[in-house]
Amino acid sequence: EAGVTQSPRYAVLQEGQAVSFWCDPISGHDTLYWYQQPRDQGPQLLVYFRDEAVIDNSQLPSDRFSAVRPKGTNSTLKIQSAKQGDTATYLCASSLLGGAETLYFGSGTRLTVL
Amino acid sequence: GDKVKQSPSALSLQEGTNSALRCNFSIAATTVQWFLQNPRGSLINLFYLVPGTKENGRLKSAFDSKESYSTLHIRDAQLEDSGTYFCAAGGFASALTFGSGTKVIPCLP
């Protein structure tokens with residue numbers, strides 16, 4: 001069974017540029033999460049979905065970040081105008097049963113904003 | 001303050017010895033998960049816990065929801081146990097809140 005797949009693996013941008021991250025969760029997992037992990041810190045939740053519905057996006061900087069999961073499978077996280085403070089690894093994770101089961105992470109996208 | 005606090009922040013791992021990591025919560029947690037982030041950055045799930053104890057090989061973890069803490073014990077440590085260990089707590093079917101991690105560094109003889 002394939003794990004959680006993320007792309008790209010790395011991204012390097014200038015401030016003000018836009019970037020999109022893509023995630024394909026484990027087949028059949030109804031819940032999908034996006035976490036931001038700054039260097040030497042723990043993952044911090046940005047947004048999560050159950051099927052196609054957003055359950056919690058309270059930590060997503062809504063002026064520049066957006067996330068969608070239109071068919072309840074793959075998801076895209078977009079940063080409209082990147083800032084140096086956005087430099088971090090962006091992790092996607094998925095689980096069954098609305099999060100009441102084990103969380104599985106993808107390899108992440110390492111973003112550097114110059 | 002930190003909702004999920006891990007200790008120690010770092011520890012030296014000598015082969016063959018035992019180590020204990022701890023996680024204290026200031027949020028109401030009904031589940032705990034422990035992860036190992038390897039040097040390549042991948043987060044590997046070690047345990048999913050409801051209150052109680054689980055064991056897997058040389059690893060053993062316990063979760064006490066009444067006292068709001070969890071522990072991870074590493075027995076007979078090996079170099080492959082190196083990396084950063086994260087605990088994460090959550091309510092049933094809610095998103096997990098992560099701690100800041102415990103960095104386990106191999107101590108060469």
Side-chain angles (χ1 to χ4, degrees), chain A residues 1 3-6 8-11 23 25-26 29-51 53-60 67 87-112, chain B residues 1-10 21-27 29-51 54 56 59 61 63 70 72 83-105:
Chain A
E1 178 183 279
V4 178
T5 306
Q6 289 188 247
R9 189 75 179 91
Y10 301 94
C23 175
I26 292 172
H29 280 195
D30 60 349
T31 308
L32 184 147
Y33 308 81
W34 285 102
Y35 282 87
Q36 180 192 59
Q37 186 178 22
R39 189 175 176 83
D40 294 328
Q41 294 185 37
Q44 297 158 12
L45 181 71
L46 290 172
V47 58
Y48 80 103
F49 299 84
R50 194 157 298 143
D51 300 318
V54 173
I55 302 302
D56 184 356
N57 62 358
S58 60
Q59 303 304 310
L60 195 68
T87 294
T89 298
Y90 290 82
L91 295 161
C92 179
S94 71
S95 69
L96 278 170
L97 300 179
E101 291 286 339
T102 300
L103 199 62
Y104 295 93
F105 279 91
S107 299
T109 296
R110 192 172 295 182
L111 173 67
T112 302
Chain B
D2 293 347
K3 295 178 181 177
V4 178
K5 195 160 188 177
Q6 290 190 242
S7 61
S9 56
L21 287 62
R22 187 176 174 105
C23 201
N24 290 299
F25 319 118
S26 60
I27 54 175
T30 55
T31 65
V32 169
Q33 299 192 37
W34 283 90
F35 299 84
L36 171 60
Q37 190 162 40
N38 63 25
R40 292 189 64 223
S42 296
L43 274 160
I44 301 158
N45 194 291
L46 300 175
F47 290 104
Y48 173 96
L49 294 158
V50 292
K54 280 190 178 177
N56 184 2
L59 300 180
S61 185
F63 170 33
S70 179
L72 178 68
T84 303
Y85 290 79
F86 290 99
C87 71
F92 190 76
S94 68
L96 295 174
T97 300
F98 281 75
S100 298
T102 294
K103 189 174 280 190
V104 173
I105 305 158

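A distance-only check finds a donor-acceptor pair linking the side chain of B/Gln33 to the backbone of A/Glu101 [under 3.5 Å].
Contact of A/Tyr35 with chain B is made through the side chain alone, with heavy-atom distances under 4.5 Å. In this structure, the portion of A/Gln37 lying under 4.5 Å from any heavy atom of chain B is its side chain and not its backbone. Residue contact with chain A, scored on non-hydrogen atoms closer than 4.5 Å, is absent for B/Phe47. When heavy atoms are compared at a cutoff of 4.5 Å, B/Ile44 does not approach chain A at all. Using a 4.5 Å cut-off between heavy atoms, A/Leu103 touches chain B through backbone and side chain atoms alike. The part of B/Gln37 that comes within reach of chain A is its side chain, from C-beta onward, which places non-hydrogen atoms under 4.5 angstrom from that chain. Proximity to chain B is absent for every atom of A/Ile55, based on heavy atoms less than 4.5 angstrom apart.
Two residues are said to be in side-chain contact when any heavy atoms from C-beta on lie closer than 4.5 Å; B/Leu43 and A/Pro43 meet this criterion. Between B/Lys103 and A/Asp40, some side-chain heavy-atom pair lies under the 4.5 Å cut-off.
Annotation for A/Gly42 and B/Phe86: closest pair CA-CE2, 3.3 Å, computed over non-hydrogen atoms. The two atoms that bring B/Arg40 and A/Arg110 nearest to each other are O-NH2, 4.3 Å, heavy atoms only.
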